[in-house]
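Down below is the structure, laid out as structure tokens.
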Amino acid sequence: MKHLTEMVEQHKRGKANGIYAVCSAHPLVLESAIRYAQANHSPLLIEATSNQVDQFGGYTGMTPADFRHFVCHLADSLNFPQEQLILGG
């Protein structure tokens with residue numbers, strides 16, 4: 001959350017900025033997004049739709065907790081700091 005607060009503060013001071021975001025549950029898409037954010041030293045917002053991830057497993061078979069674990073495990077395997085991840089839905 002710190003990253004978002006800093007971005008808002010910078011924007012208020014007139015700096016044009018934004019955040020890289022992806023909405024996917026596909027491992028290769030997520031890996032690419034993590035690698036991109038890592039290469040650009042930026043936080044990464046990953047979202048999943050309610051069709052992909054929900055309390056019943058969605059079409060991916062993952063609950064929100066499963067999805068978080070999956071993304072965090074992938075980030076760890078790529079040496080991307082979990083503190084740089086922002087998960088949404």
Side-chain angles (χ1 to χ4, degrees):
M1 193 61 96
K2 173 183 144 198
H3 301 291
L4 294 178
T5 304
E6 288 174 2
M7 290 180 74
V8 170
E9 291 300 321
Q10 291 172 356
H11 181 73
K12 287 179 180 180
R13 290 191 302 269
K15 180 181 179 189
N17 60 11
I19 187 168
Y20 181 68
V22 64
C23 182
S24 181
H26 193 282
L28 293 177
V29 172
L30 296 175
E31 179 181 343
S32 295
I34 290 170
R35 290 184 186 279
Y36 182 87
Q38 189 171 40
N40 289 281
H41 308 286
S42 72
L44 173 61
L45 170 60
I46 297 176
E47 298 183 89
T49 68
S50 59
N51 289 331
Q52 294 168 322
V53 175
D54 66 18
Q55 69 272 26
F56 306 112
Y59 69 74
T60 63
M62 288 187 277
T63 65
D66 296 333
F67 184 67
R68 181 184 186 288
H69 176 77
F70 172 70
V71 171
C72 288
H73 178 74
L74 184 57
D76 288 346
S77 74
L78 297 169
N79 296 315
F80 187 77
Q82 289 185 23
E83 301 80 44
Q84 293 284 94
L85 288 175
I86 302 165
L87 300 179

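This chain uses plain numbering: 1 for the first residue, then up along the sequence.
- Among residue pairs with one or both ends in residues 66-78, none qualify as salt bridge (charged side-chain N to carboxylate O under 4.0 Å, His left out); sequence neighbours excluded.
- Partners of Glu47 according to the side chain to side chain donor-acceptor pair (under 3.5 Å) rule, which considers only residues two or more places apart in sequence or in another chain, do not exist here.
- A 4.5 Å side-chain heavy-atom check between Leu44 and Phe80 finds at least one atom pair inside the cut-off.
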Would you give me the side-chain donor-acceptor pairs under 3.5 Å for residues 23-38, sequence neighbours excluded?
unit_1	atom_1	unit_2	atom_2	d
Ser24	OG	His26	N	3.0
His26	ND1	Leu28	N	3.1
Glu31	OE2	Arg35	NE	2.9
Glu31	OE2	Arg35	NH2	3.0
Ser32	OG	Leu28	O	3.0
Gln38	NE2	Leu78	O	3.0
Gln38	NE2	Asn79	O	3.0

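- The minimum heavy-atom distance linking Pro64 with Val53 is given by the pair N-CG1, 3.5 Å.
- Side chain of Gln52 to backbone of Thr49: a donor-acceptor contact under 3.5 angstrom is found.
- The distance from atom NE2 of His11 to atom CG of Leu4, rounded to the nearest 0.5 Å, is 13.5 Å.
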Would you give me the side-chain donor-acceptor pairs under 3.5 Å for residues 14-22, sequence neighbours excluded?
unit_1	atom_1	unit_2	atom_2	d
Asn17	ND2	Met7	O	3.1
Asn17	ND2	Gln10	OE1	3.3

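- Identified under the ring pair (Phe, Tyr, Trp, His ring centres under 6.0 Å) test for residues 49-68, with sequence neighbours left out: none.
- Going from atom CD of Gln82 over to atom CG of Leu74 covers 11.0 Å, rounded to the nearest 0.5 Å.
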